[in-house]
2 protein chains.
Amino acid sequence: MDRVAVDRVATIRDVAARAGVSIATVSRVLNGSGNATPETMAKVRAAASDLSFRPSTIGRSLKAARTRTVGVLVPSLTNPVFAESVAGIQDAAAEAGYSVLIASTDYDPARESRAIEGLLSNRVEGLVLTVADADRSGSLDTLDEVRLPYVLAYNQPERAPRAHVSVDNVAASRAVVERMAALGHRRIGMIVGRFRQSDRSRRRHAGWLAALADAGLQPGPVVEVDFNELRLAHRLAPLLEGPERPTALFASNDMLALATIRALRDLGLRVPDDVSVCGFDGIEVGRLMAPSLATLVQPARAMGATAFECLRTGFSGELQGRAVMLPFTLRPGESLGAAPSKST
Amino acid sequence: MDRVAVDRVATIRDVAARAGVSIATVSRVLNGSGNATPETMAKVRAAASDLSFRPSTIGRSLKAARTRTVGVLVPSLTNPVFAESVAGIQDAAAEAGYSVLIASTDYDPARESRAIEGLLSNRVEGLVLTVADADRSGSLDTLDEVRLPYVLAYNQPERAPRAHVSVDNVAASRAVVERMAALGHRRIGMIVGRFRQSDRSRRRHAGWLAALADAGLQPGPVVEVDFNELRLAHRLAPLLEGPERPTALFASNDMLALATIRALRDLGLRVPDDVSVCGFDGIEVGRLMAPSLATLVQPARAMGATAFECLRTGFSGELQGRAVMLPFTLRPGESLGAAPSKST
DNA sequence: AGGCCGGATGGAAACGTTTCCATTCTTCAC
DNA sequence: GTGAAGAATGGAAACGTTTCCATCCGGCCT
């Protein structure tokens, strides 16, 4: 950043000098703490406004040991589901007078811990974050060590008692599978993001398995893919050959669902006539495409806002491990139709 | 945020005490400035690590009058094109050891100025931002007044000499129209975001007009819509009636293009057989949908990264008003095809 | 041997706030 | 008229760093 001769920003001392009072008085007037003569108040306010004085939060933070800043850590900003939850956090934070320091990791553990270090150095008061695996995460261990409040978003730890806001991924997955079964599908496959990189993937897969069992169905094929792998045709081709191919595919998130639909089309299959597809997340663009994407909707914006609110109201300090489950809904869409009648 | 009894974080004084040296020495060792005996260095490092000491950036900032923080202001995080540029900024910033403070405005001027105030109070060293209208913006005036370096992203001011990184919107628009004309389209309409809310809209519209004139074509209908208006059928219906309806529609951004395609389908028209559609931005999901979206691709990630780099290397201080134009490309897609032969 | 140089280290100031405490002044009750 | 209460205000410390300056020391040159 350039260090050109910028006229130094006004400090509280400048205001005090101009108003002819002490800095203590300026502080009191501007913060509305303590009393002051109407004339004094007027003088101070005038001086502050003349100099367009903006109290330095860094001076303030140093004294008060409170930064009014939260950190946000997401795997990726380009996945709409994260972008939207960040938007939710941002809204809630702005509302509450908090600033938001952001970092993204690109699913890279090294970047993740560097980012955490940075946020820690910046003395954020708390963190809203989404990690790969909430049950074993070096970053979360670090946060536990330093006792910094945090709330997970999307993550749903299985064992570790960590505060989080999410949907019930297992139940949500079941809802999808039940819907598919109700539509006559008997061979239901799943496209999942790498299990190692996502506890969500695992839970959603578990729900899929459980619902299939309940319905008396054999699990269809499972394809595990990388999160930024968007060309899936060659991965899907093998399992779509022959008469026994699945009639429905459940993708563990919407980006994968879109990629899946794309791949199916590339392979000459029609959606939903030949194969139905349902996603998970409820990203907005899903409504716009053709066929529109059937998906399990998580309230992403509310997820972010709620997570921030939890942080702010401090539940994560004493109430370690509390969880908030948000409601999900199944959004119908053209990509999910009845099973082809010819197949059995 | 809760104020539970968190064991106070270690300060440089704690480290100094544990290492049996002065705080000056600790600072020097940890920053690699000044000399020190190997033993001293070892002692200090050990103490720092034992206490997991993380220097407070706020103490540091106060002293150094440098925060190593940049602010980012975007209209919306949920528009992928902004999310991606933020990702670019974030990457470049992390690389350079900068933190990123984020704010979004939802196209609301009041929120915008509040956000700017907040960033100013946080003493960001500079700002990367996208505003509604770069030629008249209260927020930018404020920044000019306080002489805070900033670089606009996406904005392309027409008169005001403000530093910015963008594509040549007019030329880009022309490229789209020329392509449409080459495909035989003669009646080309445009769907634009509110002119008041976007200088991009205006420039792209201008390019469209100019290219049509050059091609000897009459301008088709123009529909101005709100940015978060995603149900467009009722807006588009009027201009699609009769034999004189446009055979191609150019949307001033990809979200609008998707909404347009959706609306056309809802109105019973096929894309591209009846009407072709081309967007502007190059968002990633466009490749995944069916039909895949033809669009004018801006290098969003590079836009963000470049803007940050400009800021960092300080060009915006002395070189007020410098502009960087990034290259654009036309990404073909199934949504843009040849004009229907029956129409003339 | 004495003076000097330079390396290692510590003391203290400064950055911009908030806030405790002390001081001055007004006002009111007796 | 005196004392006390309370309002208005200022002085100064504290927060966690960095960095200037001073001090101390050993060793080298002459």
Side-chain angles (χ1 to χ4, degrees), chain A residues 3 6-45 47-48 51-69 99 120-125 146, chain B residues 3 6-45 47-48 51-69 99 120-125 146:
Chain A
R3 303 285 85 217
V6 173
D7 9 51
R8 204 175 47 80
V9 261
T11 81
I12 197 174
R13 235 168 289 273
D14 302 325
V15 177
R18 182 173 241 263
V21 300
S22 74
I23 63 169
T25 301
V26 174
S27 175
R28 274 186 299 251
V29 169
L30 263 25
N31 293 315
S33 56
N35 301 327
T37 298
E39 303 95 84
T40 307
M41 293 179 54
K43 272 190 307 184
V44 169
R45 282 200 234 280
L51 301 173
S52 49
F53 169 65
R54 283 169 247 268
S56 160
T57 62
I58 95 174
R60 197 198 298 266
S61 298
L62 190 54
K63 178 64 177 119
R66 300 203 48 184
T67 55
R68 293 204 149 263
T69 300
S99 299
L120 250 26
S121 279
N122 274 289
R123 298 292 187 265
V124 294
E125 290 184 23
V146 303
Chain B
R3 304 283 86 216
V6 173
D7 10 48
R8 205 174 47 80
V9 260
T11 81
I12 196 174
R13 234 168 289 274
D14 302 326
V15 177
R18 182 173 243 264
V21 300
S22 74
I23 63 170
T25 301
V26 174
S27 176
R28 274 187 298 253
V29 169
L30 262 26
N31 294 315
S33 55
N35 302 328
T37 298
E39 304 94 85
T40 307
M41 293 177 57
K43 272 190 306 180
V44 169
R45 283 200 234 281
L51 301 173
S52 49
F53 169 66
R54 283 169 247 267
S56 160
T57 62
I58 97 172
R60 196 198 300 265
S61 298
L62 190 54
K63 178 65 175 115
R66 299 202 50 185
T67 55
R68 294 205 151 264
T69 301
S99 298
L120 249 28
S121 278
N122 274 288
R123 299 292 188 266
V124 294
E125 290 184 23
V146 304

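Below, chains carry the letters A, B, ... as their sequence lines are ordered, and counting in each starts from 1. It should be emphasised that the depicted structure is a prediction, and the values quoted were computed from it without experimental measurement.
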Original post:
Nearest-Å distance, CZ (B:Arg123) to C1' (C:dT17)?
Top reply: 11 Å
Subject >> Length of the CG-P vector between A:Leu120 and D:dG16, whole Å >> reply: 15 Å
**OP:** Working to the nearest 0.5 Å, report the span between OG of B:Ser99 and CD of B:Glu125.
**Re:** 10.0 Å
**OP:** Determine the minimum heavy-atom distance between A:Phe53 and A:Ile12, stating which atoms define it.
**Re:** CE1-N, 3.4 Å
Original post:
Under 4.0 Å: is that the gap between some side-chain N or O of B:Arg60 and OP1 or OP2 of D:dG16?
Top reply: no
Subject >> C:dT9 phosphate, OP1 or OP2, under 4.0 Å from B:Thr37 side-chain N/O >> reply: yes
Original post:
Counting any heavy atom closer than 4.0 Å, what does B:Ser33 reach on the DNA or RNA strands: base, sugar-phosphate only, or nothing?
Top reply: nothing
Subject >> Any donor-acceptor N/O pair, A:Thr69 side chain to A:Thr67 backbone, under 3.5 Å >> reply: yes
**OP:** For B:Arg60, enumerate each residue passing the side chain to side chain donor-acceptor pair (under 3.5 Å) test, keeping only those at least two apart in sequence or located in another chain.
**Re:** none
**OP:** Nearest whole angstrom, please: distance from the P of D:dG16 to the CZ of A:Arg66.
**Re:** 16 Å
Original post:
Between the axis at one end of the helix from C:dA1-D:dT30 to C:dC30-D:dG1 and the axis at the other (five pairs apiece), what's the angle to 10 degrees?
Top reply: 60°
**OP:** Specify the separation, in whole Å, of atom CG of A:Leu51 and atom C1' of C:dG16.
**Re:** 15 Å
**OP:** Report yes or no: does B:Thr11 contribute a side-chain atom to a donor-acceptor pair with the main-chain N or O of B:Arg13 at less than 3.5 Å?
**Re:** yes
**OP:** Would you kindly give the CG-to-C1' distance between A:Asn35 and D:dG6, to the nearest whole Å?
**Re:** 10 Å
**OP:** Look at A:Ser56 and C:dG16 and indicate whether a side-chain polar atom (N or O) is within less than 4.0 Å of OP1 or OP2.
**Re:** no
Subject >> Flag, side chain of A:Ser56 to backbone of A:Ile58, donor-acceptor distance under 3.5 Å >> reply: yes
**OP:** For A:Ser27, answer base if it contacts any base atom (sugar-phosphate contacts may also be present), sugar-phosphate if it contacts only those atoms, and nothing otherwise; contact means non-hydrogen atoms under 4.0 Å.
**Re:** base
Original post:
Separation of A:Leu62 atom CG from C:dT19 atom P, in whole Å?
Top reply: 13 Å
Subject >> Spatial distance of atom NZ (B:Lys43) from atom OG1 (B:Thr37) [nearest 0.5 Å] >> reply: 8.5 Å
Original post:
Once you round it to whole Å, what is the distance between P of C:dG16 and CG of A:Asp14?
Top reply: 8 Å
**OP:** Give one of base, sugar-phosphate or nothing for A:Thr40, where a contact means two heavy atoms less than 4.0 Å apart.
**Re:** sugar-phosphate
Original post:
With distance as the sole test, does B:Thr57 use its side chain to make a donor-acceptor pair with the main-chain N or O of A:Ser121 at under 3.5 Å?
Top reply: yes
Look for any protein N or O under 3.5 Å of an N or O in nucleotides 20-25 of chain D and output each such pair with its distance, or none.
none

**OP:** Looking at every strand, decide which applies to A:Ile23 at a 4.0 Å heavy-atom threshold: base, sugar-phosphate, or nothing.
**Re:** base
Original post:
Taking C-beta and beyond as the side chain, do A:Val21 and A:Thr40 meet within less than 4.5 Å on heavy atoms?
Top reply: yes
Original post:
At their closest point, which heavy atom of A:Arg123 faces which heavy atom of B:Ala10, and how far apart are they?
Top reply: NH2-O, 4.2 Å
**OP:** Nearest whole angstrom, please: distance from the C1' of D:dA14 to the NZ of B:Lys63.
**Re:** 17 Å
